[in-house]
Amino acid sequence: KAGVTQTPRYLIKTRGQQVTLSCSPISGHRSVSWYQQTPGQGLQFLFEYFSETQRNKGNFPGRFSGRQFSNSRSEMNVSTLELGDSALYLCASSFAQDYGYTFGSGTRLTVV
Amino acid sequence: TQLLEQSPQFLSIQEGENLTVYCNSSSVFSSLQWYRQEPGEGPVLLVTVVTGGEVKKLKRLTFQFGDARKDSSLHITAAQPGDTGLYLCAGAASGYQKVTFGIGTKLQVIP
């Protein structure tokens with residue numbers, strides 16, 4: 001079966017711009033979570049969506065937002081980009097938490 | 001906030017050696033997962049443990065969940081260069097709380 005698909009794979013933006021990242025989960029998975037990964041901080045939790053509702057939220061500023069559609073596809077948006085937002089953004093879907101996550105390959109965002 | 005501490009953070013060993021990676025917390029977890037990540041890719045799930053004291057084996061990898069469900073270990077026997085990667089532990093206090101990841105253990109196996 002198809003895995004978790006994230007688009008785009010790579011993105012270069014300038015400071016102050018905004019960006020939208022997309023994630024298509026595995027069919028049947030209703031939970032989608034987003035993480036930011038940087039070398040110094042590891043994987044930091046952004047938010048989790050379940051059946052179009054935000055179920056959990058991490059400690060990121062309001063510039064980071066997300067949503068989930070009725071087909072479980074999810075998007076995350078970052079407004080007013082800062083240099084520190086450069087990171088690998090990972091999306092993960094799951095059937096249930098105890099089953100673990102299936103991750104996408106990530107979107108590498110570079111802010112210049 | 002549930003924190004997961006992993007040790008060691010870096011490990012470089014020769015092919016054929018054994019190693020153990022630890023994941024510790026002061027919090028109790030309903031389940032704990034181990035992942036392996038290669039550069040430029042997302043983490044790949046290796047195992048999920050849910051019962052205190054549980055031991056799971058995956059070929060040369062042995063995973064153990066502590067009796068109190070606060071810690072876990074990953075033991076690799078006779079490491080091979082293909083085992084090289086970033087090993088991450090992750091867990092949540094309950095099925096509806098966020099999943100927290102440890103910082104990871106970067107393993108290099110030298111041929």
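Numbers restart at 1 for each chain; the letters A, B, ... are given by sequence-line order, proteins then strands. Not measured: the values here are computed from a predicted model.
For the pair B:Leu88 and A:Leu43, the minimum side-chain heavy-atom distance is below 4.5 Å. Counting heavy atoms from C-beta outward, B:Pro43 and A:Leu90 have side chains that approach closer than 4.5 Å. For the pair A:Gln37 and B:Gln37, the minimum side-chain heavy-atom distance is below 4.5 Å.
For the options A:Phe47, A:Phe50, A:Phe103, heavy-atom pairs under 4.5 Å to chain B are most numerous at A:Phe103.
No more than 12 heavy atoms of other residues, nucleotides or ligands lie within 6.0 Å of CD in B:Glu5, so this atom counts as exposed by the packing criterion. Sparse packing is recorded around NZ of B:Lys106, with 12 or fewer heavy atoms of other residues, nucleotides or ligands lying under 6.0 Å away.
Residues B:Val49 and B:Leu61 share a single hydrophobic cluster, defined by chaining ILVMFWY side chains whose heavy atoms lie under 4.5 Å apart. Cluster membership for B:Phe10 and B:Leu19, using ILVMFWY side-chain heavy atoms within less than 4.5 angstrom, is not shared. In the hydrophobic cluster analysis, where Ile, Leu, Val, Met, Phe, Trp and Tyr join through side-chain heavy atoms closer than 4.5 angstrom, B:Val44 is grouped apart from A:Ile26. A single hydrophobic cluster is seen to contain both B:Leu107 and B:Leu58, as judged by linkage of ILVMFWY side chains at heavy-atom distances under 4.5 Å, directly or through other members. A:Leu46 and A:Val111 fall within a single hydrophobic cluster, where Ile, Leu, Val, Met, Phe, Trp and Tyr are joined by side-chain heavy atoms under 4.5 Å apart, directly or via other members.
Closest heavy-atom contact between B:Gly40 and A:Arg9: O-NH2, 3.0 Å. In terms of heavy atoms, B:Glu41 sits closest to A:Ser105 at OE1-OG, 3.0 Å.
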- Message: Apply ring-ring contact (aromatic ring centres under 6.0 Å, His included) to residues B:Phe101 and A:Phe45 and explain how you reach the verdict.
- Response: CA-CA 8 Å; B:Phe101 279 77; A:Phe45 176 79; 9.5 Å; no

- Apply side chain to side chain contact (heavy atoms under 4.5 Å, CB included) to the pair A:Tyr35 and B:Val99, showing each step before the final yes or no. CA-CA 10 Å; A:Tyr35 287 83; B:Val99 174; 3.4 Å; yes

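Heavy atoms of B:Leu86 lying under 4.5 Å from chain A belong exclusively to its side chain.
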